[in-house]
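One structure below.
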Amino acid sequence: ISLLDGTPIRNSEEDGNRKIVVGKDQVELGLHEAFLMMAIGQRTLFIFPSHLAHGFAGNTDNVPPGSTLIYELEPLKKLK
């Protein structure tokens, strides 16, 4: 995940993979829709406007308010 200017926000190589249960977990709204469109192993870039990412308030740790974010996603497996 990065800002439009390339500033990194999160990197799974450094932070580890993130487990997301589509339709159930409290994550960025755009992630649910993105993963529903993807196949396992497919790597895709998504650009999420703030209302689909961290909202207009941002995230006090590292996402400024109203930020559009770039997500590079790759689903690794489906959870049962």
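- L4 forms part of a hydrophobic cluster together with L45, I47, I70, judged by ILVMFWY side-chain heavy-atom separations under 4.5 Å.
- Across all their heavy atoms, T68 and P49 have their closest contact at OG1-CA, 3.9 Å.
- Scored by the side-chain contact (heavy atoms from CB on, under 4.5 Å) test, P64 finds L3, S67 as partners (sequence neighbours excluded).
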Stepwise side chain to side chain contact (heavy atoms under 4.5 Å, CB included) check, L31 with R18: CA-CA 12 Å; L31 287 177; R18 190 171 163 191; 4.2 Å; yes
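- R10 pairs by the side chain to side chain donor-acceptor pair (under 3.5 Å) definition with nothing, not counting sequence neighbours.
- To the nearest 0.5 Å, the span separating CG on N11 from CD1 on I1 amounts to 9.5 Å.
- The 12-atom threshold is exceeded at CD of E74, counting heavy atoms of other residues, nucleotides or ligands nearer than 6.0 Å.
- Partners of F35 according to the ring-ring contact (aromatic ring centres under 6.0 Å, His included) rule, which considers only residues two or more places apart in sequence or in another chain, do not exist here.
- Taking 4.5 Å as the limit, some side-chain heavy atom of S50 sits within range of a side-chain heavy atom of F56.
- S12 pairs by the side chain to side chain donor-acceptor pair (under 3.5 Å) definition with nothing, not counting sequence neighbours.
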Side chain to side chain contact (heavy atoms under 4.5 Å, CB included) assessment of E33 paired with F48: CA-CA 11 Å; E33 290 184 43; F48 291 167; over 6 Å; no
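- For the pair V21 and H32, the tightest heavy-atom approach, listed with the atom from each and the gap, is O-CE1, 3.8 Å.
- Considering CG of L52 and CG of L29, their distance stands at 6.5 Å, rounded to 0.5 Å.
- L76 belongs to no hydrophobic cluster, as no Ile, Leu, Val, Met, Phe, Trp or Tyr side chain comes under 4.5 Å of its own.
- Shown here for A53 and L69, the closest heavy-atom pair between the two residues is CB-CD1, 3.8 Å.
- Applying the side-chain contact (heavy atoms from CB on, under 4.5 Å) test to L36 and every residue at least two apart in sequence or in another chain returns V22.
- Within the structure, salt bridge (charged side-chain N to carboxylate O under 4.0 Å, His left out) pairs that include any residue of residues 62-72 comprise R43-E72 (at least two apart or interchain).
- Partners of Q42 by side-chain contact (heavy atoms from CB on, under 4.5 Å), not counting sequence neighbours, listed by chain and number: M38, A39, T44.
- Between atom OH of residue Y71 and atom CD of residue E28 there is a gap of 3.5 Å, rounded to the nearest 0.5 Å.
- Residues satisfying the side chain to side chain donor-acceptor pair (under 3.5 Å) test with N17, not counting sequence neighbours, are none.
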